[in-house]
K.L.:
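Supplied in structure tokens, the structure appears directly below.
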Amino acid sequence: MADSTRRGVIVLSLLVKGGRALAQETRYPERSVTLVVPAAPGGGGDFTARLLGEALTRSLGQPFVVENRAGGSGNVASIAVARAAPDGYTLLLAYSGSHVANPALFPHLAWDPVRSFAPVALVLRAPHVVVVRKDLPARTLEELAKLARSSPRKLTYASSGAGTIQHIGGEQFARLVGAPMVHVPYRGAGPAMNDLVAGNIDLMITTPPSVAGLVRDGSVRALAMVGPARHPMLPDVPSAAEAGFPGFELEAWFAVYAPAGTPQPAVERLAAEIGRVVATPEFRRRCEESGTYAAYMNPAELAAFTVSERAHWSGLIQRLGIRVE
């Protein structure tokens, strides 16, 4: 066979293989997809994954199966997905509290939020609110700040564990008002809230759904949303900006990532479908009912957002001196 003919056969073969690969990618998904959540069932990540998975199952015609992999402050799930085959059939429903904060909390991670993953889409955001025990002598955020300053290291604040977003928020407020408080970590938000209701803890910063009912029946008192806007679940509670603390903001988010190296056509198809789902009235309604906000970013936007959020949270954690024992 002449060299020119041989080269032509090789080029044709490559074109055929490339065409088959592209056809397979554009038909994605052709089987069930696993959506890994770095938390136990019942939390915000689990809710988000199941809500999104149900919608994608209907629209893409293949099962999106939620797999809960709790442990290691989110690191167990992140490692599993980072090491999975980059074919679009194993995805991570990442929580910002671990995805962009863990690099500053754990010095020797086996994964990296930027290098180990292909960003797919942001799905929703979750605001937070400051709540105090019902008999604490503070009815506004300013009164809480004055109380903290008058009794340094006397006020106690709860979190669902060291290094969590509640821990970061508590230290952020203490630094903002110039008065140290005592951090009391719990094994989950449930036990922490139980102690707040019982009056054993002074305050906690958490998401509205977990406290809205308790606020309405007077079991705890909400002082301010930690951000620039009020929340429909707690319409009478002012924002931190309205309360005189415009720089006090704390918001979690959830986003979908694939293993690094996942074919771009699969990423783009998935991202486009998630964008369509997130824009539907039903998805937005269910998010609002859960106390969150539907929010979409495409792969390029999420890539830039991940880099900026990692820098923000790493800097904040370092400035606050937060450590995981």
Side-chain angles (χ1 to χ4, degrees), residues 39-48 50-51 95 97 124-148 154-162 164-174 177 181-243 245 248-254 285-293:
D46 183 67
F47 164 80
T48 305
R50 294 183 188 281
L51 179 60
Y95 164 54
L124 60 78
R125 297 175 181 268
H128 285 67
V129 60
V130 179
V131 290
V132 300
R133 57 182 170 87
K134 62 183 179 182
D135 56 348
L136 190 75
R139 293 188 170 275
T140 66
L141 203 57
E142 180 56 41
E143 289 180 0
L144 180 63
K146 291 179 179 178
L147 186 62
K154 295 295 184 181
L155 288 182
T156 55
Y157 73 93
S159 81
S160 57
T164 60
I165 197 166
Q166 300 104 326
H167 182 193
I168 294 170
E171 289 302 310
Q172 188 180 7
F173 180 70
V177 303
M181 302 186 299
V182 177
H183 174 225
V184 183
Y186 288 79
R187 291 183 178 275
M193 188 54 58
N194 289 339
D195 258 11
L196 183 67
V197 172
N200 299 325
I201 294 293
D202 293 318
L203 67 124
M204 185 176 180
I205 299 174
T206 188
T207 52
S210 60
V211 296
L214 297 173
V215 171
R216 284 192 289 268
D217 68 19
S219 298
V220 297
R221 188 184 306 129
L223 302 188
M225 293 301 304
V226 190
R230 296 195 180 202
H231 193 278
M233 270 193 172
L234 299 167
D236 297 328
V237 178
S239 67
E242 291 175 313
F245 295 83
F248 188 30
E249 298 187 13
L250 189 71
E251 185 179 68
W253 48 264
F254 297 91
R285 179 186 64 80
R286 293 186 64 182
C287 285
E288 289 175 4
E289 289 175 351
S290 75
T292 61
Y293 299 106

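Numbers for residues simply follow the sequence, beginning at 1.
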K.L.:
Under the side chain to side chain donor-acceptor pair (under 3.5 Å) rule, collect the residues that match up with Thr164, sequence neighbours excluded.
P.N.:
Gln166
K.L.:
Listed by chain and number, what are the side chain to side chain donor-acceptor pair (under 3.5 Å) partners of Glu251, not counting sequence neighbours?
P.N.:
Arg125
K.L.:
Please list all pairs meeting ring pair (Phe, Tyr, Trp, His ring centres under 6.0 Å) that have one or both residues in residues 192-214, counting only residues at least two apart or in different chains.
P.N.:
none
K.L.:
For residues Ala158 and Tyr186, report the shortest heavy-atom separation together with the two atoms involved.
P.N.:
CB-CE1, 3.8 Å
K.L.:
Between CE of Met181 and CG of Leu147, what distance do you get to the nearest 0.5 Å?
P.N.:
10.5 Å
K.L.:
I'd like to check the salt bridge (Lys or Arg N to Asp or Glu O under 4.0 Å) partners of Glu143; sequence neighbours left out, ordered by chain and number.
P.N.:
none
K.L.:
Among residues at least two apart in sequence or on other chains, which ones pass side chain to side chain donor-acceptor pair (under 3.5 Å) with Glu289?
P.N.:
Arg285
K.L.:
Not counting sequence neighbours, which residues clear salt bridge (Lys or Arg N to Asp or Glu O under 4.0 Å) with Asp236? List them please.
P.N.:
none
K.L.:
Quick one, Phe173 with Leu144, criterion side-chain contact (heavy atoms from CB on, under 4.5 Å). Give me CA distance, side-chain angles, the key distance, then yes/no.
P.N.:
CA-CA 10 Å; Phe173 180 70; Leu144 180 63; 3.8 Å; yes
K.L.:
For Glu171, check side chain to side chain donor-acceptor pair (under 3.5 Å) against everything at least two apart and list the hits.
P.N.:
Tyr157
K.L.:
How close do Phe248 and Ala240 get, counting heavy atoms only, and between which atoms?
P.N.:
O-CB, 3.5 Å
K.L.:
Let me check something: any side-chain donor-acceptor pairs from residues 196-207 under 3.5 Å, sequence neighbours excluded? List them with distances.
P.N.:
from	atom 1	to	atom 2	distance (Å)
Asn200	ND2	Asp195	OD1	3.2
Asp202	OD1	Arg133	NE	2.7
Asp202	OD1	Arg133	NH2	3.1
Asp202	OD2	Thr156	N	2.9
Asp202	OD2	Thr156	OG1	3.3
Thr206	OG1	Ser210	OG	3.3

K.L.:
Taking only residues two or more places apart in sequence or in another chain, which ones pass salt bridge (Lys or Arg N to Asp or Glu O under 4.0 Å) with Arg286?
P.N.:
Glu54
K.L.:
With Asp46, which residues qualify under salt bridge (Lys or Arg N to Asp or Glu O under 4.0 Å), at least two apart?
P.N.:
Arg50
K.L.:
Are any non-hydrogen side-chain atoms of His183 and Ser159 less than 4.5 angstrom apart?
P.N.:
yes
K.L.:
Name each donor-acceptor pair under 3.5 Å that joins a side chain in residues 218-231 to protein atoms two or more places apart or in another chain, with its distance.
P.N.:
from	atom 1	to	atom 2	distance (Å)
Ser219	OG	Asp217	OD1	2.6
Arg221	NH1	Leu136	O	2.9
Arg221	NH1	Ala138	O	2.8
Arg221	NH2	Lys134	O	2.3
Arg230	NE	Glu242	OE1	2.8
Arg230	NE	Glu242	OE2	3.4
Arg230	NH1	Pro235	O	2.9
His231	ND1	Met233	N	3.0
His231	NE2	Gly291	O	2.9

K.L.:
Could you grab the distance from atom CG of Leu250 to atom CD1 of Ile168, nearest 0.5 Å is fine?
P.N.:
7.5 Å
K.L.:
Just so I know, are the side chains of Tyr95 and Thr48 near enough to count as touching, which here means a heavy-atom distance under 4.5 Å?
P.N.:
no
K.L.:
Residues two or more places apart in sequence or in another chain: which of them pass ring pair (Phe, Tyr, Trp, His ring centres under 6.0 Å) with His128?
P.N.:
none
K.L.:
Please report the closest heavy-atom contact between Cys287 and Tyr293, naming both atoms and the distance.
P.N.:
CB-C, 4.4 Å
